[in-house]
Amino acid sequence: MAKTIVITSGKGGVGKTTSTAALGAGLAMAGKKTVVIDFDVGLRNLDMIMGCERRVVFDFINVIHGEAKLKQALIKDKRLENLAVLPTSQTRDKDALTRDGVEKVMEELRDEFDYILCDSPAGIERGAHMAMYFADEAVVVTNPEVSSVRDSDRVLGLLSSKTKRAEKGEGPVPGKLLLTRYDPARVTKGDMLNVDDVLEILAIPLLGIIPESPSVLKASNLGMPVAMDEESTAGKAYRDAVQRLMGQQIEHRILAPERPSFFQRIFGRTA
Amino acid sequence: MTRSEAQTSVSSSVAPFQIRGRSFTAVVLELIGPADAAFYAALDTKLALAPHFFSNAPFVIDLDRAQGLARSGDFTGLVRELRSRRLSLVGVQNGSMEQNTAALTAGLIPLSGGRDLASVPGSDDSGAAASEGNAPDTAGREGASGAPSQAEPEQRQGTLLITEPVRSGQRVFADSGDLVVVSSVGSGAELIAVGNIHVYGSLRGRALAGVNGDPAARIFCASLEAELIAIAGLYKTSDDIGGTHLKQRVQAYLRDDALVVEALK
């Protein structure tokens, strides 16, 4: 019986697709049968980040509309045998997603896989709503930056009200924070929010801190999930996050030295 | 004075009035049957029990089960009879079109809406008398525990208690009392209460207390980072509040019609 995890954020461009690919690859490398689904209809990226864009024949929307079988749309990753990708359509848009259609696909996938990762689009409308609706857990991807934090807070509110679990009274979909593009030097300087500041505002458990790293762009260009990059710090951080996702307790590695908090810097100047 | 001079003088002087919304509690009398001698006798008996309770309250007659009130003359008579008993009739409710028109002619306002209060002193609900209608709440306010409310708040008698963080974009409405949040309130969230607002955490969103016009309502929080606070319609944005009380334990209240923010010791 699979665990369905939505990777969401509210804000765009914070690292949802990168994280979905990395976490998916990490889980597959740890021996779990994993499928990653792209919910960003019309602006699909997951297939490119996964490096399978040249093998897409049928997609998620085809399966929802009965135009293809799930087996025909699923693309097995060439490098990791436990990993599969369900790409979405580039020609249609989010209106092509139907709740019943998505539910049916999820049910089929649940029998076959250990983990289902849903790559949510940015925003809070239909695509994002569909991606989170059937989730058991959420990974809330946030940059240490005020607008990203506020948008993530909004998404946490939606996870506790507009999901199947919430509607059935089973409580909110529990979210875990994945802090991405973290730059310790800028945090020390006071330009960037500290982990504690973000945790204080969002009040959810921390899944991991992914440092800003040039390896992310490289990986995306190569079509290789960054978790497979043995040397990059970001890759290492994602692999740690995968361990925590599977229930292991691993210490968070990035430590910030003592510094004045972000808000003290803004309001701390005396007249 | 030429017209342009007159216009100039009007536009440059201060307006001679201010318009505000203000809510008052009215006493509703549901008339059952005709407004005849028996009615007035029963009314007199009732008034003898509590002679002073109703003397300054605006009275409203609920016409739903009333009989025989159809012409403006009937209403004028009603007003006169009640005034002789020192009851000020100001309006009617649940009347037919004809009744409303007649009432208007007699100087009464046809009112719609209105929400019953838990108990009004002197009303049929207070005390041990069997009642129909509102559940009496005269023993004091009962706390109601609740999960964070999103869209439709339920009718609660008493305090609305929220124990989970109020997320950005959520709106919590305490429609009959205080609002207590034992957690933080996110930026972009809204707390709205008829009574006071207490936040035992960081208040980052908006807090509007005393929304029915209660100037005695207050806002308390453990860490003030609010975008906007308002009491009975008077508001201040984060900019207006300034940085002196940022992230401190404060209370906000109205003093001389101005919104004051004060640190809590």
Side-chain angles (χ1 to χ4, degrees), chain A residues 8-11 123-125 128-129 132 138 140 142 145-177 193-194 196-205 260-271, chain B residues 145-154 160-173 181-192 199-207 221-228 236-250 261 263:
Chain A
T8 183
S9 70
K11 190 120 185 5
I124 50 172
E125 286 97 44
H129 185 212
M132 69 169 68
V140 181
T142 311
E145 179 260 324
V146 288
S147 52
S148 174
V149 172
R150 189 198 290 207
D151 289 359
S152 291
D153 197 43
R154 182 83 171 94
V155 159
L156 284 166
L158 294 172
L159 285 168
S160 71
S161 62
K162 287 182 128 188
T163 52
K164 191 173 184 186
R165 277 183 54 128
E167 284 171 10
K168 278 168 67 173
E170 292 167 17
V173 171
K176 293 196 174 71
L177 175 66
L193 286 177
N194 175 274
D196 296 321
D197 294 333
V198 179
L199 284 172
E200 206 243 306
I201 297 172
L202 295 180
I204 50 174
S261 86
F262 181 79
F263 285 109
Q264 274 179 307
R265 269 183 52 85
I266 299 292
F267 285 108
R269 301 194 206 95
T270 51
Chain B
S145 73
S149 53
Q150 247 276 16
E152 272 76 32
E154 299 159 341
L160 179 57
L161 177 65
I162 305 290
T163 52
E164 298 293 316
V166 181
R167 298 292 181 185
S168 174
Q170 287 181 336
R171 173 185 284 181
V172 184
F173 181 31
V181 180
V182 191
S183 190
S184 292
V185 178
S187 157
E190 284 183 7
L191 303 180
I192 308 170
V199 178
Y200 295 100
S202 300
L203 172 58
R204 295 192 180 94
R206 292 182 162 196
C221 64
S223 173
L224 179 67
E225 299 165 61
E227 292 157 348
L228 184 147
K236 277 194 170 174
T237 60
S238 172
D239 230 22
D240 301 326
I241 301 170
T244 35
H245 297 294
L246 187 67
K247 295 193 147 196
Q248 289 181 10
R249 282 158 40 90
V250 300
V261 177

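Quick note on labels: first sequence line is chain A, next is B, and so on, each numbered from 1.
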Chemist: So do the side chains of A/Ser160 and B/Gln170 get within less than 4.5 Å of each other, counting heavy atoms only?
Modeler: yes

Chemist: Please find the pair of heavy atoms, one from A/Glu200 and one from B/Ser202, that lie closest to each other, and give the distance.
Modeler: OE2-OG, 3.5 Å

Chemist: Is it the backbone or the side chain of B/Ser187 that comes under 4.5 Å from a heavy atom of chain A, or both, or neither?
Modeler: both

Chemist: What residue, out of A/Val155, A/Ile124, A/Leu202, has the most heavy-atom pairs lying under 4.5 Å from chain B?
Modeler: A/Leu202

Chemist: Quick check: closest heavy atoms across B/Ser168 and A/Arg154, and the distance to 0.1 Å?
Modeler: O-CD, 3.0 Å

Chemist: Looking only at heavy atoms, which two atoms of A/Asp153 and B/Arg167 are closest? And how far apart?
Modeler: OD1-NH1, 2.9 Å

Chemist: Considering residues, nucleotides and ligands other than A/Arg165, do more than 12 of their heavy atoms fall under 6.0 Å from its CZ?
Modeler: yes

